[in-house]
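Count residues from 1 along the sequence. In what follows, every heavy atom counts, from backbone to side chain, and hydrogens, waters and symmetry copies are set aside.
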Amino acid sequence: MMARKDTNDSTAEAIASIFQGIPVLTWRYLSGSALDGAPRTNATWTHRGTRTEREDGRRANRWDHLSRLERAGVRWVSTAATGGIGYAYMQDPTTTLECLQAGGFTAGSAASAWVGYRLMDGAVTWRHQRDWVWPLHVALVEKLGYPEGTKPHHYIHVPVNYDEITGDAIRIDLPADFAGEDQIRSLVKTVVTNKLALQDVTFSWQISGKSHHVVVKQSPRPPSKVLFSDPEIRKIVEKMPESAPLIGLSHRGRPVSVDLDAESPHVLVSAGTGGGKSVILRAIFAQLLKHGAEGAVLDRKRHSHKWVRGLPGVGYYREIGDIHDALVALGEEGERRNRIVDEWEGDDKDAPVGPRKAILLEEANATIGKLKRYWAAVRKAKGDEFGPADPKESPAIDALGEILFMGRAVKMHVLLVAQSATAAALGGPEMRENFATRILARYSRNAWNMLVPEVQPAPKSTRHVGRAQVVLGGFANETQVVFFTPDEARAWAEMGRAVTTSQGLSAPAHLGQDAVNVTPDAVTEPLPAIPAQGGPGQVRQDAKGFKEDMEALFAAPATDATEAAQDTDVPVTLKQAVDQEIVSVSLSALRKEANDKNRRKEFPASVGVDAKTRGKLYRPSELKRWERNRPKAGQSMEQED
């Protein structure tokens, strides 16, 4: 009896406690509180939760992070809907079921459309989310104090085309308890700028009121086009230093250039098909020629820079044998200049090495391979009584490497173009490392990581015509390249040509001497002897006097060696060239080529007039080179290229 009484008492107490807890439970349900009375987050009536407050250390779910008003609203609406449906069913079951069926179909259709939209949006933007939004989320979520499990799209809003938008492109929502600490602001700026590869952006912070956020505004992008024909652009080009040609304009119209003397003596251009490689090199090359530089165009492609053909002081080499010989001669010229700098006691940049030389190497991927095969075919594999065997490595590639390793003082600059500038394509990784300046356009992710791995993340590649990334010193500058038409480039280059020489290497024209055409062998002869102290022609030892004497010494165009070299290339008339079988074309065809206005810039310039016949004189070596490179019979210049 006692046991039954105790059981009844405990049951009564339990029932009483339930009835006593019903008002509390009802209040918690209707007010949006946790039903057990233990809050999971720091959510308030009006603000969502920002951190977990579970005593067991487990992560709170998304429901717990809603504000109490939001949870209460969901409960009230669901309760009212359930009660309304139940009352309607009791009054008219048939109509109620029909309405539920129609409503369910509508809700199912809407849900299917929403799921389809999310799937399609995810398929389109998944790479954008993976490459840009997710790394930004990982770096920011804990620093901003967001709870674990927060999804990136809940607070990070980065449009897919954010890199092309100027204005309020990016928005990051901040927690309600964000107080605007300088340390966190600085962190957010650094993370957003680095992770999204942005340049020249401003941050607008909104921390008053209930909507805390920061808006990242991209400054105006580079102009859509930069034309040399624009008078304002021409003024900028004219103001650029002799050693720093304009490459293009960046954000806010800021000029982008690379100082070949102070920053980077060589430039590498890597771009996919249609990326404007030749346009970039045309702009740089024309400006260098305008300031008196001499040029050598090594173009196995044959037609990339037709605008430069026939310019005084510029050699255009298309046959692989000519490219090989030109590189060897240029390598020896670089060595000659190195010896001059070594003898010079003043500042290296003032050494009288001669005019600046720009070497434009087109399509390096194909050219380097052809140079290797050419040398393998012509080299002497075994020694004999006439001399030792030739080295296995191509001397042309070795010469290119020597030029790349030479310092800025020799004023020789390689402008190299490649679609895929792999180490193997350029003759080795050490040769590629000599290009401190690298210009990339329409690049792939692999190309970027190979050439400029220090700049991460890689900026998005664009197909905008003329848009490139100029990378120097670990920084990428988005640039709209200045566009010269071929005629504009030629006219601009001719403004700096004080003398007219035939195609090939020429002696310095800025040292007060008439330019003379010399053979590659003559360029590489030993240095002129420096008179001993106290003897005739003494070189003064003070800095100014030494510079003047050295300039006068190296400006002399008629050393014994060069005279000897020139004597082997005695000028001849066109008739003599045919009679002596220097060229294989007929005399009438030769004269027609010489007088054709469309091809005159291709034909060698005369070096004088024969006293007896009054016919123009030409160098045999230049006539031979012209014949090798001339268009095939029956073809126009355009058809050839």
Who passes salt bridge (charged side-chain N to carboxylate O under 4.0 Å, His left out) against Arg467, sequence neighbours left out? Glu478

Run the side-chain contact (heavy atoms from CB on, under 4.5 Å) test against Asp347 and tell me which residues pass, sequence neighbours left out. Lys349, Asp350

Can Ser278 and Glu362 be counted as having a side-chain donor-acceptor contact under 3.5 angstrom? yes

Taking only residues two or more places apart in sequence, or in another chain, which ones meet Asp259 in a side-chain hydrogen bond (donor to acceptor under 3.5 Å, both in side chains)? Ser243

Please list, chain by chain and in numerical order, all residues satisfying salt bridge (charged side-chain N to carboxylate O under 4.0 Å, His left out) with Arg438, sequence neighbours excluded. Glu433

Interatomic spacing from CD in Gln469 to CZ in Arg442 - rounded to 0.5 Å: 14.0 Å

Sequence neighbours left out, cut at 3.5 Å: what donor-acceptor pairs do the side chains of residues 223-237 make with other protein atoms?
| unit_1 | atom_1 | unit_2 | atom_2 | d |
| --- | --- | --- | --- | --- |
| Asp230 | OD1 | Glu232 | N | 3.0 |
| Arg234 | NE | Glu238 | OE2 | 3.4 |

Sequence neighbours excluded, the answer for salt bridge (charged side-chain N to carboxylate O under 4.0 Å, His left out) partners of Arg591 is none

Return the set of residues passing side-chain contact (heavy atoms from CB on, under 4.5 Å) with Pro486 (not counting sequence neighbours), or none when no residue passes. Arg282, Trp307

What residues, two or more places apart in sequence or in another chain, satisfy side-chain contact (heavy atoms from CB on, under 4.5 Å) together with Val258? Ile247, Glu263, Ser264, Thr437, Val470, Leu472

Results of ring pair (Phe, Tyr, Trp, His ring centres under 6.0 Å) for His413 - residues two or more places apart only: none

First locate atom CE of Met406, then atom CD of Glu335, and finally report the distance between them rounded to the nearest 0.5 Å. 5.5 Å

Lys575: salt bridge (charged side-chain N to carboxylate O under 4.0 Å, His left out) partners, not counting sequence neighbours: Asp579

Residues in side-chain hydrogen bond (donor to acceptor under 3.5 Å, both in side chains) contact with Glu402, at least two apart in sequence or another chain: none

Among all residues two or more places apart in sequence or in another chain, which pass the ring pair (Phe, Tyr, Trp, His ring centres under 6.0 Å) test with Tyr443? Trp448

